[in-house]
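Below is one structure, written out as structure tokens; comments come after it.
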There are 4 protein chains.
Amino acid sequence: MTTGRLEAFSDGVFAIAITLLVLNLTAPDRNVARGLARQWPGLAAYVLSFVVVGIIWMNHHALFERVVAVDRPLMLLNLHLLLWVALLPFPTSLVAKNLTHGFDGRVSVAVYSGVMTGMSVAFSLLWGWVVRSDRLLHASIDPVDARARSWRFYVGLVAYPVAVVVSFVNAPAAFALHCVLAVYYLADQLPKQDRTNGPPDAGSHP
Amino acid sequence: MTTGRLEAFSDGVFAIAITLLVLNLTAPDRNVARGLARQWPGLAAYVLSFVVVGIIWMNHHALFERVVAVDRPLMLLNLHLLLWVALLPFPTSLVAKNLTHGFDGRVSVAVYSGVMTGMSVAFSLLWGWVVRSDRLLHASIDPVDARARSWRFYVGLVAYPVAVVVSFVNAPAAFALHCVLAVYYLADQLPKQDRTNGPPDAGSHP
Amino acid sequence: MTTGRLEAFSDGVFAIAITLLVLNLTAPDRNVARGLARQWPGLAAYVLSFVVVGIIWMNHHALFERVVAVDRPLMLLNLHLLLWVALLPFPTSLVAKNLTHGFDGRVSVAVYSGVMTGMSVAFSLLWGWVVRSDRLLHASIDPVDARARSWRFYVGLVAYPVAVVVSFVNAPAAFALHCVLAVYYLADQLPKQDRTNGPPDAGSHP
Amino acid sequence: MTTGRLEAFSDGVFAIAITLLVLNLTAPDRNVARGLARQWPGLAAYVLSFVVVGIIWMNHHALFERVVAVDRPLMLLNLHLLLWVALLPFPTSLVAKNLTHGFDGRVSVAVYSGVMTGMSVAFSLLWGWVVRSDRLLHASIDPVDARARSWRFYVGLVAYPVAVVVSFVNAPAAFALHCVLAVYYLADQLPKQDRTNGPPDAGSHP
């Protein structure tokens, strides 16, 4: 089985999750200017989650460019990743509603960080399954070598739990940490091809 | 006609239904920690339905790998299946709101089981139409043989009505039964190819 | 330009519109059995609109099988059709909320019929543009002949305005008329190929 | 990397954003006729935003027909465009709720114009990146020439900020300006191919 339909389904979930984020913003009825000014946590959460889902999509794309075959465990691990991605509008809404409410704000950002931790674990399991053997991996990538160089992609496994802890101390600092991690994952952190045979270098910088 | 556009449309419906499930969760405004703790039935229903729709998608995928042509009745039977899939967020919301409310909880899980029964009937009709002749079926599968081995896929026709009855007795037991059935359908229960000519073995275990 | 991306985008809109219909159903909080019994207009409206959108999708598919090229007017006429399709959840919700409310119910079904009239006009304009010349039409179909045989597809241009009038007299009768029209369009009413060269016969009965 | 999956993901976001617009319309419960009559700003905003997103989709399509390769900056600039497109249901809802409320109506149309300004900036950056070199551009288009003829596509960079200013003076005038700009962008304003080698002329008038 090729990766086509799995990617199409995943793209659908990414596209819907990213577009549903706007439903967290409710248009004020009267006093529009003041109502909008008060909604800045909602807008900040919208932009953060939009960028986060967008980058997850880019990395999902980059990962599946390195994959040549799909088996049932891979489909399941991919579903597991999508479960966390599709859940993201919920903690986004939590942050939007509570960011400025002291302790409730800190709990909300902690929940957000917790969901991102789950997403990070799911993404790492997915990649771990791909590099486990050379059956699923593109011929241009050496699995042994790829496993050794995967730690850069696994950084989130430590960084997102740290964000959970930081959330309870200082909500804006945890928010900022999520921005930093977004920038980190904006660069393609997956092991590159070994430049022997073939195309899968699309995600890398020229 | 090939199966391409039918699968693309179905994937769209699956992807949207699975992503809309998150709308059943409403972020609390104040008292976030307590509000979230009280939402555990909503989170449990989210995870169950997400996994259920995900597995339906995987089996839909496995089914259409065995199909080489599409006719109008098949399109209609597929639409019928999608009608039940797209309805699933509704009983999920019912369970999320009422699981802990005694009799209302039992009725809610019964409705959930009823919708799953409808889904199971629709899926069985779809497969029944495919194996009815050798016109739609992939050349690597013998229709006579496939019909004889289809009973494993039809298990849901008995199991989901049982879940309806169990719901009225014990809601958590019915919930658990849905989890068991999800695991059952996680394995590819459709008749495999006869290993004579060709590829459609993607869904099977290595 | 081929029809690929236009069909993909349209399939997306169809899939979302058909899946959003479920949001018109709100799960009752307590008294689940009674609450569900009272929601039968909502369920009836859900099933009708689901089937209607599904059949529109099937006919959209059948139409574009007869098309070989896409120009800007065709893209615009397709967008116009999608505008009516994407609007359908709104009159569906109107019918769900008001069907049993006497005059309000009749107005609601009339609005539903009005939106279906708009959809029918849009679909007829789309087909009219396709058969206007032989530039867009598949080589196996003769445009002159196709124009002469298109009246069967244009039946809705008369039938849906009739449904608007009937709505004001008797809402259930208009509802039934929509069911009849759905069955009518279930069959492929577009002119078939002239059986000279090529494939586009997928939608017809064997 | 080809443009396939990027276009598929973008089409998903366009399709969802355009279909979510209908959620801004709430069906009245009683007094349907009067309730609908009062909702004309909602219907007007629905039609405007539907047409706007539809035309953005057409131009997105036309732009990527001129693109042969995708790099990470292009993916990011595309995400940036989608961020504004996915946000559009929010100012649409703002206009729907407040158009007839004096100052609040003017602020709402100004916010709408502001989001369209962001969309226009994002679209211009996207095109600017494509024509920056001849690496991403289709071989039939000369980058130097294309850059010189791009000003017609950049008109929105001036026109939408003008709409922001007009909004504060006269909301209906700004609304009308958006209609004019929609018609302007309905025509394909991107530089055409140089008619030397190849296909990408689909969006142009015959």
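Residue numbers start from 1 in every chain, and the chains themselves are labelled A, B, ... in the order their sequence lines are given, proteins ahead of strands. Note that the structure is predicted; figures quoted are calculated from it, not measured.
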Please evaluate residues A:Asn78 and A:His60 with respect to the criterion side-chain hydrogen bond (donor to acceptor under 3.5 Å, both in side chains), reporting the C-alpha separation (whole Å), side-chain torsions for both, the decisive distance (0.1 Å), and the verdict. CA-CA 9 Å; A:Asn78 186 59; A:His60 189 265; 2.8 Å; yes
**Request:** Evaluate the criterion side-chain contact (heavy atoms from CB on, under 4.5 Å) for residue pair A:Trp57 and A:Val52; output intermediate values, then yes/no.
**Result:** CA-CA 9 Å; A:Trp57 171 74; A:Val52 161; over 6 Å; no
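Using modelled atom types and a 3.5 Å distance limit, the side chains of A:His138 and A:Arg66 yield no donor-acceptor pair.
To the nearest 0.5 Å, atom CG of residue A:Leu63 and atom CE of residue A:Met58 are 14.0 Å apart. Atoms CG and OG, from B:Leu77 and B:Ser124 in turn, are 11.0 Å apart once rounded to the nearest 0.5 Å. Note: B:Leu25 CG to B:Ser93 OG = 10.0 Å, rounded to the nearest 0.5 Å. Taking CG of A:Leu125 as the start and CG of A:Leu76 as the end, the distance is 11.0 Å to the nearest 0.5 Å. In this structure, B:Asn59 CG and B:Leu126 CG are separated by 11.5 Å, a value rounded to the nearest 0.5 Å. The structure places CD1 of A:Ile16 at 7.0 Å from CG of A:Leu20, a figure rounded to the nearest 0.5 Å.
Taking the charged nitrogens against the carboxylate oxygens, B:Asp142 and B:Arg147 have no contact shorter than 4.0 Å, which rules out a salt bridge.
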Side-chain donor-acceptor pairs of residues 152-160 of chain B under 3.5 Å, sequence neighbours excluded:
from: B:Arg152; atom 1: NE; to: B:Gln189; atom 2: OE1; distance (Å): 3.0
from: B:Arg152; atom 1: NH2; to: B:Gln189; atom 2: OE1; distance (Å): 2.7

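Heavy-atom distances place both the backbone and the side chain of A:Leu94 under 4.5 Å from chain B.
Residues of residues 96-117 of chain A lying under 4.5 angstrom from chain B, judged on non-hydrogen atoms, are A:Lys97, A:Asn98, A:His101, A:Asp104, A:Val107, A:Ser108, A:Val111 in numerical order. The interface of residues 35-50 of chain A with chain B, defined by heavy-atom distances below 4.5 Å, is empty. Using a 4.5 Å cut-off between non-hydrogen atoms, the part of residues 81-90 of chain A that approaches chain B consists of A:Leu82, A:Leu83, A:Ala86, A:Leu87, A:Pro89, A:Phe90.
Remark: side-chain polar atoms of B:Asp71 are paired, donor with acceptor, to backbone N or O of B:Leu74 under 3.5 angstrom.
Taking every heavy atom of both residues into account, B:Val166 and B:Ala173 meet most closely at CG1-CB, 3.9 Å.
Highest contact tally toward chain B, considering only A:Val95, A:Asn24, A:Val13, is held by A:Val13 [criterion: heavy-atom pairs under 4.5 Å].
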